[in-house]
Amino acid sequence: MFKTKVVTRGVDVTVNAFYRHSRIKQYLKDGRALRIETVINSPTDLRVGRRLQHLDELQDKARAINNRLLDTERVGQGCVLASPAFARVAHPTIEEGRRAPALRFGDPRVMALAGALATCVHAVTGLSNKSLRAFMTGLLDAPYTIGQASYDLRRLRLKGLITRQPRSNTYTLTPDGLRFAIFYTKVHNRILTPLLAADQPPAPPPLRQALRAIDQHINDYLTQARLPTAT
């Protein structure tokens, strides 16, 4: 189970992301500096032993979590997927001597996959077959099997979008993987979806007026050509 909570007090915002018995807290320290605190209440959440001899390993993993959260937020501010990388992701390629299937923009399953990877939980703590299935079933509103998850994890790995952690079945996103996830979801949710419904609110009035003018000119042109307008 994963959950997040945003608490607003006055003008300050505190973001808490919970994972098992642990959490990440992000807030403005004295209203001046962004501060991230990772609280590990159970070392086994990160597959670390409980004894004091494992403290250095636990600290390294906690700092890595902080860095991945910051990397995710940085990519969110500038997530353009450059042409070579986009072509490699969106078309079938040969990677490591094996065929890597395409992750085509617009395909419902691929878009759901990008949305699952873009979540803070997967970006920070990594993903597994089990956690991916939980998110994908909700995003697709349809059953998503172990075999489908294995297939998607394989093509993500071959495309260089995720990498497997040593001695585990957990994967972490690569820099290209973060860009893929956020670029696909941002373009779809913030550009295409509003544009496809740009003739109605919440599209801005100037855009709606421009589209109405274009539509009227097209209808006039069709009338002059003695062609019926679309219904």
Side-chain angles (χ1 to χ4, degrees), residues 1-52 54-77 79 111-141 144 146 149 152-153 156 161-175 177-182 184-186 189-190:
M1 291 291 292
F2 306 101
K3 62 178 180 178
T4 57
K5 180 170 63 174
V6 178
V7 181
T8 304
R9 299 183 181 90
V11 297
D12 293 329
V13 176
T14 301
V15 179
N16 292 284
F18 298 87
Y19 175 74
R20 296 185 180 179
H21 305 91
S22 307
R23 69 165 181 166
I24 302 175
K25 179 181 178 182
Q26 191 173 40
Y27 63 98
L28 286 176
K29 181 69 173 179
D30 297 328
R32 294 185 299 175
L34 180 66
R35 183 182 179 94
I36 300 176
E37 295 178 0
T38 296
V39 181
I40 310 298
N41 293 315
S42 176
T44 56
D45 289 350
L46 303 183
R47 301 180 183 86
V48 178
R50 293 179 179 273
R51 294 184 179 276
L52 189 61
H54 301 296
L55 180 59
D56 290 343
E57 181 185 3
L58 183 63
Q59 289 177 331
D60 290 342
K61 288 198 171 185
R63 291 191 181 98
I65 289 172
N66 289 357
N67 290 334
R68 285 199 296 272
L69 177 59
L70 287 173
D71 289 343
T72 302
E73 292 173 342
R74 290 190 187 101
V75 170
Q77 299 304 311
C79 61
M111 300 310 296
L113 190 62
L117 297 184
T119 62
C120 178
V121 170
H122 282 158
V124 174
T125 65
L127 71 153
S128 64
N129 189 299
K130 182 178 179 180
S131 67
L132 181 62
R133 294 199 316 271
F135 276 90
M136 289 290 285
T137 298
L139 291 170
L140 289 172
D141 196 24
Y144 183 74
I146 294 177
D152 286 337
L153 287 172
L156 288 169
L161 304 179
I162 60 173
T163 183
R164 186 172 180 174
Q165 295 182 1
R167 301 183 301 279
S168 77
N169 292 320
T170 301
Y171 298 82
T172 54
L173 274 69
T174 64
L178 277 174
R179 292 187 183 91
F180 153 77
I182 297 177
Y184 269 39
T185 52
K186 269 192 174 184
N189 295 340
R190 299 189 183 184

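We number each residue from 1, following the sequence as shown. For clarity, every value in this text was computed on a predicted model and none was experimentally measured.
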Q: Side-chain contact test, heavy atoms from C-beta onward, threshold under 4.5 Å: evaluate it for Y144 versus L132 and give yes or no.
A: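 Yes, close enough: below the 4.5 Å cut-off.
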
Q: Quick one, I162 and T172 - any side-chain contact, counting heavy atoms below 4.5 Å?
A: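 No, their side chains stay 4.5 Å or more apart.
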
Q: Would the distance check show the side chain of T174 and the main-chain N or O of L161 forming a donor-acceptor pair, the cut-off being under 3.5 Å?
A: yes

Q: Give me the atom names and distance for the closest heavy-atom approach of A118 to A181.
A: N-CB, 3.8 Å

Q: Is K186 positioned over the aromatic face of Y184, cation under 6.0 angstrom from the ring centre and no more than 45 degrees off axis?
A: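 Checked: cation-pi criterion not met.
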
Q: Could you tell me whether H54 atom NE2 has more than 12 heavy atoms of other residues or ligands within 6.0 Å of it?
A: yes

Q: Using a 4.5 Å cut-off on heavy atoms from C-beta on, say whether the side chain of N169 contacts that of R164.
A: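 Side chain of R164 against side chain of N169, heavy atoms only: contact under 4.5 Å found.
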
Q: Any side-chain heavy atom of T163 sitting closer than 4.5 Å to one from L173?
A: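 Not in contact.
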
Q: Can you tell me how far CZ of R133 sits from CG of L140, rounded to the nearest 0.5 angstrom?
A: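 That separation rounds to 13.5 Å.
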
Q: Just how far is it from atom CE of M136 to atom CG of D152, taken to the nearest 0.5 Å?
A: 5.5 Å

Q: Does L139 reach the side chain of L113, with side-chain heavy atoms less than 4.5 Å apart?
A: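 A side-chain contact is absent here, since even the closest heavy-atom pair is not under 4.5 Å.
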
Q: What heavy-atom pair brings G49 and P43 nearest, and what distance separates the two atoms?
A: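 Shortest heavy-atom separation between G49 and P43 comes out as O-CB, 3.6 Å.
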
Q: So which atom in T185 and which in I182 form the shortest heavy-atom distance, rounded to 0.1 Å?
A: OG1-O, 3.1 Å

Q: Does CG belonging to N41 count more than 12 external heavy atoms closer than 6.0 Å?
A: yes

Q: Using side chain to side chain donor-acceptor pair (under 3.5 Å), reason through N66 and T38 one step at a time and then give a plain yes or no.
A: CA-CA 7 Å; N66 289 357; T38 296; 2.4 Å; yes

Q: Would a distance-only check, ignoring hydrogens and angles, find a side-chain to backbone donor-acceptor pair under 3.5 Å from T44 to R47?
A: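 No: the side chain of T44 does not pair with the backbone of R47.
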
Q: Do the non-hydrogen side-chain atoms of N129 and I146 ever get within less than 4.5 Å of each other?
A: yes

Q: Just wondering, do E57 and Q59 contact through their side chains at under 4.5 Å, heavy atoms?
A: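 Sidechains of E57 and Q59: no contact.
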
Q: Are any non-hydrogen side-chain atoms of L34 and Q26 less than 4.5 angstrom apart?
A: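 The answer is yes, as the side chains (C-beta and beyond) meet within the 4.5 Å cut-off.
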
Q: Taking atom OH of Y27 and atom CZ of R35, what is their separation to the nearest 0.5 Å?
A: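 CZ of R35 is found 4.0 Å from OH of Y27.
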
Q: Test your reading of the model: is there a side-chain donor-acceptor pair from S131 to the backbone of S128, 3.5 Å cut-off?
A: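 Side chain of S131 to backbone of S128, a donor-acceptor pair under 3.5 Å: yes, one is there.
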
